[in-house]
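To find a chain, count down the sequence lines: A is the first, B the second, and so on, and within it residues start at 1. Quick note: numbers below take in every heavy atom, side chains included, and nothing from hydrogens, waters or symmetry partners.
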There are 2 protein chains.
Amino acid sequence: MRTILLIDDEQRMLDLIELFLIPHGFKCIKETSGKKALGILKKEKVSLVLLDIMMPEMDGWEVCEKIREFSDVPVIMLTARTDKLDLVKGLESGADDYITKPFDERELSARVNALLRRFPKEEKETEMIIYGDFRLDKETYSLQYRDLKVPLTLKEFFIVEALISRPTKTYTREQLLHAAWDYNTYTDIRTVDSHIRNLRDKLKTTGFPIDEFLKTVWGIGYKWS
Amino acid sequence: MRTILLIDDEQRMLDLIELFLIPHGFKCIKETSGKKALGILKKEKVSLVLLDIMMPEMDGWEVCEKIREFSDVPVIMLTARTDKLDLVKGLESGADDYITKPFDERELSARVNALLRRFPKEEKETEMIIYGDFRLDKETYSLQYRDLKVPLTLKEFFIVEALISRPTKTYTREQLLHAAWDYNTYTDIRTVDSHIRNLRDKLKTTGFPIDEFLKTVWGIGYKWS
DNA sequence: TACAATCATGACAGATTTGTGACTGCATAG
DNA sequence: CTATGCAGTCACAAATCTGTCATGATTGTA
C-alpha cells in the first residue's frame, strides 16, 4: 500500500483529506508542522506529499523547496486561492501539481493517481500468481519453483493457472476443460489426463517435487495442494 | 532541445501556442489531426504532448488513450471548459496535467517545465537501450553486439525495441503489431513473422548469435532472453 | 479377495502453429 | 525509367503441440 504524507495546519482538513483517500487504498500520515513533516519524509517511505500553502511558521513554498533539497517525491500543493501567480510559484518551487480548494474527491484521487503512475516502483503482482514456493508467470508463460523454471505450453499453463489460483479446491475434468479450452469444445474429457501427464513428466524431469502438489482426487479430478 | 507535439484542430491555436513556447526554448511540431499525431509520436523524439480535448473525428481523451497504449510521454490536456468532470476524465485517460483556456504564458511554461523536470535524462536514456552486450541505438536505428553493428529497418527496430526493453517477456504478435505499427493497422498478423525472419537473416549473416536471444514461444509469440 | 470403476502411460494420428521461399506493390534515389 | 530496398501476402513444408486409443495399473467396495 502506498503512503501519502498530508501537511496542513488545520487538523480538520487533515482528517477530511484522509477520509477521502482511505477508500482509494492509501495510507495517510498527517502532520500540522512543515518542519516535523520534513523529518518524517526522511524516515518513512512516502509515495506522495499533499502540501497546503497557507501555513504559519513555514509556508508551503518553503516546505516544498526544502523537500526538493533531498527528495524527488511527488508533491501536490493545496490552496484556497485561485490566483495563477500562486500556481506558477508553486510549480517553480518544485511542486508537481496544484489543487485549489474546495476540491472534490474525484479530482483529488485522479490527480494523485496521475502522479503516482509516474512512479511505478512497486512490483506488479497481477502478472504473477504466487503460491508457496511456486510462481506462475503470465509474462513468460512459465512455472517457477525456487530456482527451477519451466516454460509451459498454453494448455498446460491454463490448467496450472486454474489449479494453483485456488489451491486445495478439487477441479473436475469438465471444469479444467472450461478453464483451458473454449466452452463448447468437443474435446474428449480424457484429454485432460494427457496434459496432466505431460505436466508431471515435464516438471519431474526438471526436478520439481510435483507429486507433492499436483494430486489426483479419485473419482472427481485433480487439485493443487 | 526538447520537442513538444501540439495537437489542436485550430491552426490559429497551434500557431499561438508555438509563439508562447519558442521563447522558452522548445521546438514544436504542430498537428491538426489526432490520427496523424499518433504516427508522428512513433517516429519523432517528442518530450511532451499538448493535446486539445475538443476536436472533430477523434477527441482528446481518445487520442490520449491511444497514446498510452504505446508511450509514456507526458501529456497535458487543453480545454476551454472548467468542468471538473472533464478534468477527472482527462487524468483517467492517462493525461498528466490539465490546463484550461484561456491560459497565460507563465502558467503554460510553468506546467510544461514541472512535468519535464520528471524526465531529466529521458532523452539520453531512450536513445540507447542497453541489454547485456546489446545496444539499440535510436539515433541510427541500429543494433550493436560487441563490435558488430547492424542498421535496422523501421519495423525491425520497433520490434527489437519492444522485445529488448522487457527481456524474458513473451510478446504476442498482436502486441508487437501495436508496438511497431499504427494502432489501427489492418496488417496481417503473420507479417510479424516476416520481419522476425528478416531480422534473423540479417543478424545471422552479420555474425550475431541471434538464435540464443530472439526466441519463438510456440503458441504465443516471441521473446528476447 | 474379487470385481468394477477409474486413472496413468505409451504410442500414434491429427491439428495447429511457425519457418521459409517466392512473389507483389510501393516509395525513393539515381 | 530503372534499380534498389522495404513492407506485406501467400502457400507449402517443418516443427511442435494436442487429442485419441489401447493397455495395464491402481483404487474403492462388496
message = Among residues at least two apart in sequence or on other chains, which ones pass salt bridge (Lys or Arg N to Asp or Glu O under 4.0 Å) with A/D211?
response = A/K204

task = Assign each of B/W218 and B/L154 to its nearest nucleotide of DNA chain D by heavy atoms, then name whichever residue's nucleotide is nearer the 5' end.
result = B/L154

remark   = From the candidates C/dG19, D/dT9, D/dG19, the one with an atom nearest any side-chain atom of B/T191 is D/dT9

key: Which nucleotide in C/dT6, D/dT20, D/dT18 has an atom nearest any side-chain atom of A/K155   = D/dT18

Look at the side-chain N and O atoms of [X] and state whether any lies under 4.0 Å from the OP1 or OP2 oxygen of [N].
| X | N | value |
| --- | --- | --- |
| B/R190 | D/dG8 | no |
| A/R173 | C/dC7 | yes |
| A/W181 | D/dT18 | no |
| A/Y222 | C/dA8 | yes |

ask   = Any N or O donor-acceptor pair linking the side chain of B/T216 to the base of C/dT17 at under 3.5 Å?
value = no

message = With hydrogens left out and only the distance checked, is there a donor-acceptor pair under 3.5 Å joining A/T153's side chain and the base of D/dT18?
response = no

query = Which pairs pass salt bridge (Lys or Arg N to Asp or Glu O under 4.0 Å) with one or both residues in residues 158-176 of chain A, sequence neighbours excluded?
reply = A/K138-A/E161, A/R173-A/D193

Could you tell me how far apart [X] ([atom1]) and [N] ([atom2]) are, to the nearest whole angstrom?
| X | N | atom1 | atom2 | result |
| --- | --- | --- | --- | --- |
| A/D211 | C/dA8 | CG | P | 10 Å |
| A/I220 | C/dA5 | CD1 | C1' | 14 Å |
| A/K215 | D/dT27 | NZ | P | 13 Å |
| A/D188 | D/dC21 | CG | P | 7 Å |
| B/D193 | C/dT17 | CG | C1' | 9 Å |
| B/I189 | D/dC10 | CD1 | P | 14 Å |

query = Quick one: are B/L108 and B/L50 in side-chain contact, heavy atoms under 4.5 Å?
reply = yes

ask   = Does any non-hydrogen side-chain atom of A/L136 lie less than 4.5 Å from one of A/L152?
value = yes

inquiry  = Under 4.0 Å, heavy atoms only, any strand: does B/S194 hit a base, just the sugar-phosphate, or nothing?
reply    = base

message = Counting only heavy atoms and a strict 4.0 angstrom limit, can you tell me which residues of residues 195-202 of chain A come near DNA chain D?
response = A/H195, A/R197

inquiry  = Any donor-acceptor pair under 3.5 Å linking the side-chain atoms of B/T216 with those of B/R200?
reply    = yes

request  = Please assess A/D147 against A/R135 for the test salt bridge (charged side-chain N to carboxylate O under 4.0 Å, His left out), listing each intermediate value before the final yes or no.
outcome  = CA-CA 11 Å; A/D147 293 338; A/R135 293 157 164 264; over 6 Å; no

note = A/A162 and A/Y171 have their tightest heavy-atom pair at O-OH, 2.9 Å

